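Here the structure is laid out as C-alpha coordinates; the discussion comes afterwards.
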Amino acid sequence: MRLFIAVNFNNDTKSRLLALRDELRDKSSDGNFSLPENLHLTLVFLGECDERQAAAVKSVIGRVRFAPFGIAIDRIGRFKRDGGDIWWAGVRENQPLMDLQGELTDKLVEAGFGLEKRRYSAHVTLGRRVETSMRPRGLEPFGEAVEAIDLMRSERVNGKLTYTSIYKKGC
(Lines give C-alpha, C1' and ligand atoms only; values in the text may rest on other atoms or scores of the structure.)
Protein backbone atom coordinates (compact mmCIF):
# COMPACT_ATOMS: atom_id res chain seq x y z
CA MET A 1 0.00 0.00 0.00
CA ARG A 2 1.13 3.55 -0.76
CA LEU A 3 1.34 5.65 2.44
CA PHE A 4 2.01 9.18 3.62
CA ILE A 5 1.57 11.15 6.85
CA ALA A 6 -0.56 14.27 6.51
CA VAL A 7 -2.56 17.10 7.99
CA ASN A 8 -6.16 17.05 6.77
CA PHE A 9 -8.03 20.36 6.72
CA ASN A 10 -11.29 21.59 8.17
CA ASN A 11 -14.08 22.65 5.80
CA ASP A 12 -13.27 26.38 5.95
CA THR A 13 -9.62 25.91 5.00
CA LYS A 14 -10.57 23.38 2.35
CA SER A 15 -13.08 25.85 0.84
CA ARG A 16 -10.40 28.53 0.60
CA LEU A 17 -7.99 26.05 -1.02
CA LEU A 18 -10.71 25.01 -3.48
CA ALA A 19 -11.22 28.65 -4.47
CA LEU A 20 -7.49 28.88 -5.26
CA ARG A 21 -7.60 25.60 -7.17
CA ASP A 22 -10.60 26.80 -9.16
CA GLU A 23 -8.92 30.11 -10.00
CA LEU A 24 -5.88 28.18 -11.20
CA ARG A 25 -8.01 25.78 -13.25
CA ASP A 26 -9.92 28.69 -14.84
CA LYS A 27 -6.64 30.32 -15.92
CA SER A 28 -5.10 27.10 -17.24
CA SER A 29 -5.10 25.45 -20.65
CA ASP A 30 -4.15 22.05 -19.22
CA GLY A 31 -3.59 20.27 -15.92
CA ASN A 32 -4.69 17.61 -13.49
CA PHE A 33 -6.28 19.42 -10.55
CA SER A 34 -6.59 18.09 -7.00
CA LEU A 35 -9.95 16.68 -5.95
CA PRO A 36 -11.56 18.52 -3.00
CA GLU A 37 -11.36 15.47 -0.74
CA ASN A 38 -7.65 15.02 -1.54
CA LEU A 39 -6.42 18.45 -0.40
CA HIS A 40 -3.95 17.92 2.45
CA LEU A 41 -0.52 18.90 3.76
CA THR A 42 1.96 16.05 3.44
CA LEU A 43 4.35 15.79 6.39
CA VAL A 44 6.22 12.66 5.24
CA PHE A 45 5.82 10.64 2.04
CA LEU A 46 6.55 6.95 2.62
CA GLY A 47 5.63 5.29 -0.68
CA GLU A 48 4.93 1.58 -0.98
CA CYS A 49 4.74 -0.18 2.41
CA ASP A 50 3.70 -3.64 3.56
CA GLU A 51 1.62 -4.40 6.68
CA ARG A 52 4.71 -4.69 8.90
CA GLN A 53 5.96 -1.30 7.76
CA ALA A 54 2.51 0.25 8.23
CA ALA A 55 2.50 -1.02 11.82
CA ALA A 56 5.96 0.51 12.34
CA VAL A 57 4.72 3.87 11.01
CA LYS A 58 1.73 3.78 13.37
CA SER A 59 4.11 3.09 16.26
CA VAL A 60 6.29 6.07 15.27
CA ILE A 61 3.26 8.38 14.99
CA GLY A 62 2.11 7.17 18.40
CA ARG A 63 5.47 8.16 19.93
CA VAL A 64 5.93 11.65 18.47
CA ARG A 65 5.30 14.69 20.61
CA PHE A 66 2.20 16.38 19.29
CA ALA A 67 0.28 19.37 20.56
CA PRO A 68 -2.11 21.47 18.46
CA PHE A 69 -0.52 24.37 16.59
CA GLY A 70 -1.57 26.88 13.97
CA ILE A 71 -0.70 26.98 10.30
CA ALA A 72 -1.11 29.80 7.78
CA ILE A 73 -1.32 29.46 4.01
CA ASP A 74 0.17 32.65 2.58
CA ARG A 75 1.19 32.19 -1.06
CA ILE A 76 0.59 30.32 -4.29
CA GLY A 77 3.53 29.04 -6.30
CA ARG A 78 4.87 26.33 -8.53
CA PHE A 79 7.59 23.76 -9.00
CA LYS A 80 8.74 24.06 -12.62
CA ARG A 81 8.52 20.78 -14.54
CA ASP A 82 8.79 19.75 -18.17
CA GLY A 83 5.32 18.90 -19.42
CA GLY A 84 3.59 21.25 -16.96
CA ASP A 85 4.27 22.60 -13.50
CA ILE A 86 3.11 21.50 -10.08
CA TRP A 87 1.12 24.37 -8.54
CA TRP A 88 0.68 24.64 -4.79
CA ALA A 89 -0.54 26.75 -1.90
CA GLY A 90 2.38 27.45 0.42
CA VAL A 91 2.24 26.97 4.17
CA ARG A 92 4.22 29.53 6.16
CA GLU A 93 7.07 27.79 7.93
CA ASN A 94 6.69 27.73 11.71
CA GLN A 95 8.63 25.98 14.45
CA PRO A 96 5.94 23.55 15.67
CA LEU A 97 5.33 22.35 12.09
CA MET A 98 9.03 21.97 11.36
CA ASP A 99 9.64 20.22 14.71
CA LEU A 100 6.82 17.73 14.07
CA GLN A 101 7.96 17.01 10.53
CA GLY A 102 11.58 16.65 11.67
CA GLU A 103 10.73 14.33 14.55
CA LEU A 104 8.57 12.13 12.31
CA THR A 105 11.36 11.94 9.74
CA ASP A 106 14.07 11.18 12.33
CA LYS A 107 12.04 8.43 14.01
CA LEU A 108 11.08 6.86 10.67
CA VAL A 109 14.71 6.80 9.54
CA GLU A 110 15.65 5.19 12.90
CA ALA A 111 12.94 2.59 12.19
CA GLY A 112 14.63 1.75 8.88
CA PHE A 113 12.66 3.81 6.36
CA GLY A 114 14.59 5.31 3.46
CA LEU A 115 13.14 8.81 3.03
CA GLU A 116 13.87 11.67 0.66
CA LYS A 117 16.79 13.80 1.77
CA ARG A 118 15.60 17.12 0.33
CA ARG A 119 14.55 19.99 2.59
CA TYR A 120 10.89 19.90 3.61
CA SER A 121 8.73 22.40 1.74
CA ALA A 122 5.29 22.71 3.36
CA HIS A 123 2.71 23.02 0.57
CA VAL A 124 -0.71 21.83 -0.56
CA THR A 125 -0.76 20.56 -4.16
CA LEU A 126 -3.47 22.26 -6.23
CA GLY A 127 -2.59 20.81 -9.62
CA ARG A 128 -0.05 18.78 -11.58
CA ARG A 129 1.10 19.13 -15.19
CA VAL A 130 -0.44 22.62 -15.22
CA GLU A 131 -0.07 24.95 -18.19
CA THR A 132 -1.28 28.40 -17.10
CA SER A 133 -0.96 32.15 -17.48
CA MET A 134 -1.18 32.52 -13.69
CA ARG A 135 1.84 33.78 -11.76
CA PRO A 136 3.06 32.93 -8.24
CA ARG A 137 1.98 35.47 -5.64
CA GLY A 138 1.41 36.16 -1.98
CA LEU A 139 -2.01 35.66 -0.40
CA GLU A 140 -3.88 37.15 2.50
CA PRO A 141 -2.99 34.45 5.06
CA PHE A 142 -5.60 31.92 6.11
CA GLY A 143 -5.36 28.67 8.02
CA GLU A 144 -6.38 26.71 11.04
CA ALA A 145 -5.27 24.96 14.19
CA VAL A 146 -3.77 21.56 13.42
CA GLU A 147 -5.33 19.21 15.96
CA ALA A 148 -4.47 15.84 14.41
CA ILE A 149 -2.19 14.08 11.97
CA ASP A 150 -3.18 11.09 9.86
CA LEU A 151 -1.48 8.11 8.28
CA MET A 152 -3.04 8.07 4.82
CA ARG A 153 -3.35 5.31 2.23
CA SER A 154 -3.33 6.38 -1.42
CA GLU A 155 -5.02 4.11 -3.96
CA ARG A 156 -7.06 4.17 -7.14
CA VAL A 157 -10.70 3.20 -6.60
CA ASN A 158 -12.63 2.83 -9.86
CA GLY A 159 -9.96 4.97 -11.55
CA LYS A 160 -10.24 7.77 -8.96
CA LEU A 161 -7.29 8.69 -6.72
CA THR A 162 -8.55 8.18 -3.17
CA TYR A 163 -6.85 9.03 0.12
CA THR A 164 -8.07 7.24 3.26
CA SER A 165 -6.97 7.80 6.85
CA ILE A 166 -5.91 4.50 8.40
CA TYR A 167 -4.52 5.90 11.67
CA LYS A 168 -4.94 9.23 13.49
CA LYS A 169 -3.11 10.95 16.34
CA GLY A 170 -4.84 13.89 17.99
CA CYS A 171 -8.43 15.09 18.21
Side-chain angles (χ1 to χ4, degrees), residues 1-47 57-58 61 64 66-79 81 84-105 120-171:
M1 65 191 117
R2 193 170 172 88
L3 301 178
F4 60 94
I5 302 169
V7 171
N8 288 305
F9 298 112
N10 66 32
N11 289 335
D12 183 55
T13 300
K14 199 175 281 192
S15 292
R16 306 260 324 250
L17 289 166
L18 284 172
L20 288 173
R21 186 219 49 194
D22 292 347
E23 177 189 357
L24 175 64
R25 185 175 51 198
D26 291 346
K27 293 181 178 178
S28 299
S29 60
D30 197 14
N32 180 10
F33 299 92
S34 298
L35 296 170
E37 61 270 23
N38 289 351
L39 292 169
H40 67 277
L41 171 62
T42 299
L43 296 170
V44 180
F45 178 75
L46 297 153
V57 175
K58 290 174 185 176
I61 292 171
V64 295
F66 178 77
F69 62 92
I71 59 168
I73 296 164
D74 64 357
R75 65 198 180 285
I76 186 169
R78 69 179 174 220
F79 299 128
R81 299 284 192 271
D85 299 335
I86 297 172
W87 277 81
W88 44 261
V91 177
R92 183 184 298 150
E93 193 172 293
N94 67 63
Q95 203 57 54
L97 171 63
M98 299 308 289
D99 289 348
L100 175 61
Q101 195 279 334
E103 185 178 358
L104 283 166
T105 298
Y120 178 64
S121 173
H123 67 279
V124 181
T125 300
L126 302 174
R128 292 177 174 79
R129 296 182 297 282
V130 175
E131 298 287 343
T132 186
S133 60
M134 204 158 141
R135 298 283 176 245
R137 68 174 194 273
L139 300 170
E140 182 67 33
F142 65 94
E144 66 182 70
V146 174
E147 297 180 347
I149 58 175
D150 292 271
L151 176 59
M152 305 293 291
R153 180 178 59 223
S154 171
E155 60 190 336
R156 291 232 174 246
V157 177
N158 298 321
K160 179 180 170 186
L161 185 59
T162 304
Y163 299 151
T164 306
S165 176
I166 61 172
Y167 181 81
K168 180 184 288 285
K169 178 170 185 154
C171 303

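By convention here, the first residue in the shown sequence is residue 1. Here the structure is a predicted model, which is why all the values come from computation and not from measurement.
Between Asn94 and Phe69, the shortest heavy-atom contact is OD1-CD1, 4.1 Å. Gly170 and Phe66 get closest at one heavy-atom pair: CA-CE2, 4.3 Å. The two residues Thr164 and Glu155 have their closest heavy-atom pair at OG1-OE2, 4.2 Å. Residues Ser34 and Gly127 approach most closely at OG-N, 4.1 Å, considering heavy atoms. Nearest heavy atom pair, residue Ala6 against residue Met152, reads CB-CG, 4.0 Å.
The backbone N or O of Leu151 lies less than 3.5 Å from no partner atom in the side chain of Lys169, so there is not a single donor-acceptor pair.
Take Arg78 and apply the side chain to side chain donor-acceptor pair (under 3.5 Å) test, not counting sequence neighbours, and it matches no residue. Remark: Leu161 engages Asn38, Ser154, Arg156, Tyr163 in a side chain to side chain contact (heavy atoms under 4.5 Å, CB included) (not counting sequence neighbours).
Here the side chains of Lys58 and Ile61 are not in contact, with every heavy-atom distance at 4.5 Å or above. Considering only heavy atoms from C-beta on, Tyr120 comes within 4.5 Å of Leu43 through its side chain. Taking 4.5 Å as the limit, some side-chain heavy atom of Arg81 sits within range of a side-chain heavy atom of Ile86. The closest side-chain heavy-atom distance from Leu17 to Phe142 is below 4.5 Å. A 4.5 Å side-chain heavy-atom check between Ile76 and Trp87 finds at least one atom pair inside the cut-off. Inter-residue side-chain proximity for Val91 and Val7 is flagged as unmet; no heavy-atom pair is nearer than 4.5 Å. When side chains are defined from C-beta on, Phe4 counts as touching Thr42, because their heavy atoms get closer than 4.5 Å. Lys160 has its side chain within reach of Glu37: a pair of non-hydrogen atoms, C-beta onward, lies under 4.5 Å apart.
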Exercise for the section: Output, in order, the C-alpha distance, side-chain angles, deciding distance and verdict of side-chain hydrogen bond (donor to acceptor under 3.5 Å, both in side chains) for Asn10 and Thr13. Expected result: CA-CA 6 Å; Asn10 66 32; Thr13 300; 3.2 Å; yes
Exercise for the section: Evaluate the criterion side chain to side chain contact (heavy atoms under 4.5 Å, CB included) for residue pair Val146 and Leu97; output intermediate values, then yes/no. Expected result: CA-CA 9 Å; Val146 174; Leu97 171 63; over 6 Å; no
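Within the structure, the side-chain hydrogen bond (donor to acceptor under 3.5 Å, both in side chains) test picks out no pair touching residues 122-131 (sequence neighbours left out).
Asp26 CG: more than 12 foreign heavy atoms inside a 6.0 Å radius.
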